[in-house]
Amino acid sequence: MAERGESSEAVMLKKTEEEKLRKGKMIVGDESKAGYEEEGKKVKLVTSDGVTMEVEISIVKEMEIIQTFIGATDTDDSFIFPISNVSSHILNQIIELVKGEYDQELAKKLSHDELKEILVAANYLNMKTLFHFIATAIANVIQNKSVEFVRDFFGIVNDFTEEEEAELRKTNAWAFEGVDED
Amino acid sequence: MSSTQNSCVLPENMLMEILSWLPLKEVVQLRCVSKVRNHLVSDPAFVKLHFQRSPKNTHILLTFVDTADDGAQDRNYAVICPIQDLLDNPSSTLETLHRNNRPFNRSYTVLGVCNGLVCLQDSSTEEVFSEYWFRIWNPAIRAMSKDSPHIRFRNSDYKDVSWFRSAVAGVMCGEDEGAA
């Protein structure tokens, strides 16, 4: 009996040893292969509205705020990251933009509020490429628009008196040649 | 949790980021949006960011002297011209350049150009004394600084003041760019 027990234990040991070896190979193996094996792996993110979303690792890699966690801890599939400042709707938009390789045509389909919320989210998640992309997309929206449009877009209150504004417009009149009406 | 409803207000650093991607003409328009926006145009941090993002070497500064026939003082002209305009219209003449690009025709001499700013010098020479003064011109936002204090030389003391002019141009180029 004792002998049998020993042998089954030995088999178990052998198994874990083999597993370790396999894992070791994966880690030691060349970089490109490791990247390939990682592809398809997903990370669970919980959004501000309490939705758990599985996001591909290639997209999560752009979120530096989460990367620092992944780098620091030995993550497994059960690990869940809360992103309390980003709604599931906005996270979905972000995923579309990253998958679409930052195409300005995709940005044109977003509403003004979505654009602004994505910018805030990109800043929070520390997604540098997305942040620049959305900032330029917003710049495109407000380009050639009137002062009133820009106030409205950013929710800025006009704190000039009528006289002050008229004076400013007069001194900078050259800049107002050829502005589109909204 | 849902602090940002339909009207999401962006923090200042994000506004600065967005506006830094706009052409300068539009940034100048936005001075009228609010008092904070008005100050932004001359905020050194914003000026620097915008300058970094702006395409470089897009314009050329052409200077020429109009020699007066009737014995009046010669006039110096400076025309800021988009290089693309010259490429598109290789047969441009001073006449057509004048029309499209605002020339200035004071008696200034251009001492140097740095980061889009132009250092100009004006002078008046009388029998005993000569006076020199300077201005910084930012053609992109059409701003001109006030006259610098006048510097006075006794003509007999200084036969050649070209060293002085190059020193002034050197000081200017050593400085960081900023709105005039």
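Given the structure is predicted, the values throughout are model-derived calculations rather than measurements. Below, chains carry the letters A, B, ... as their sequence lines are ordered, and counting in each starts from 1.
Linking ILVMFWY side-chain heavy atoms closer than 4.5 Å, directly or via other members, places B/Trp133 and B/Leu117 in two distinct hydrophobic clusters. Grouping the Ile, Leu, Val, Met, Phe, Trp and Tyr side chains by contacts below 4.5 angstrom, directly or via other members, places A/Leu168 apart from B/Val27. Hydrophobic clustering of Ile, Leu, Val, Met, Phe, Trp and Tyr side chains at less than 4.5 Å, counting indirect connections, keeps B/Trp21 apart from A/Val120. A/Phe153 is connected to A/Leu110 through a chain of hydrophobic side-chain contacts under 4.5 Å among Ile, Leu, Val, Met, Phe, Trp and Tyr, so both are in one cluster. Hydrophobic cluster membership is shared by B/Ile80 and B/Val110, with clusters built from Ile, Leu, Val, Met, Phe, Trp and Tyr side chains linked at under 4.5 angstrom.
Taking B/Pro23 as the reference, A/Gln143, B/Glu26 meet the side chain to side chain contact (heavy atoms under 4.5 Å, CB included) condition, with sequence neighbours excluded. The ring-ring contact (aromatic ring centres under 6.0 Å, His included) search around B/His39 returns none, not counting sequence neighbours.
The distance from the CD atom of A/Glu165 to the CG atom of B/Asn38 is 10.5 Å, given to the nearest 0.5 Å. Atom CZ of A/Phe154 sits about 5.5 Å away from atom CG of B/Leu19, to the nearest 0.5 Å. We find the CG-CG distance between A/Leu115 and B/Leu10 to be 10.0 Å, quoted to the nearest 0.5 Å. Within the model, atoms CZ of A/Arg151 and SG of B/Cys32 stand 7.5 Å from one another, a figure rounded to the nearest 0.5 Å.
Applying the 6.0 Å contact sphere to CD of A/Glu162 captures no more than 12 heavy atoms from other residues, nucleotides or ligands. Under a cut-off of 6.0 angstrom, the local environment of NZ in B/Lys146 is sparse, with at most 12 non-hydrogen atoms contributed by other residues, nucleotides or ligands.
The contact between A/Ile142 and chain B is made by backbone and side chain atoms together, counting heavy-atom distances below 4.5 Å. Neither the backbone nor the side chain of B/Leu24 comes within contact range of chain A; no heavy atom of the residue lies under 4.5 Å from a heavy atom of that chain. Only the side chain of A/Glu164 comes within contact range of chain B, with at least one heavy atom under 4.5 Å from a heavy atom of that chain.
Closest of all the heavy-atom pairs between B/Glu17 and A/Phe131 is CG-CE2, 3.4 Å. B/Ser34 and A/Phe160 make their closest contact through C-CE1, 3.3 Å (heavy atoms, listed as atom of the first residue, atom of the second, distance).
No option in A/Val141, A/Ile138, A/Asn140 other than A/Ile138 meets the side-chain contact (heavy atoms from CB on, under 4.5 Å) test with B/Ile18.
Residue with the most contacts toward chain B among A/Val157, A/Asn123, A/Thr136, A/Ile134: A/Thr136 (heavy-atom pairs, distance under 4.5 Å). Heavy-atom pairs under 4.5 Å with chain A peak, among B/Val36, B/Val28, B/Val33, at B/Val33.
At least one donor-acceptor pair closer than 3.5 Å links the side chain of A/Asp159 to the backbone N or O of B/Lys35.
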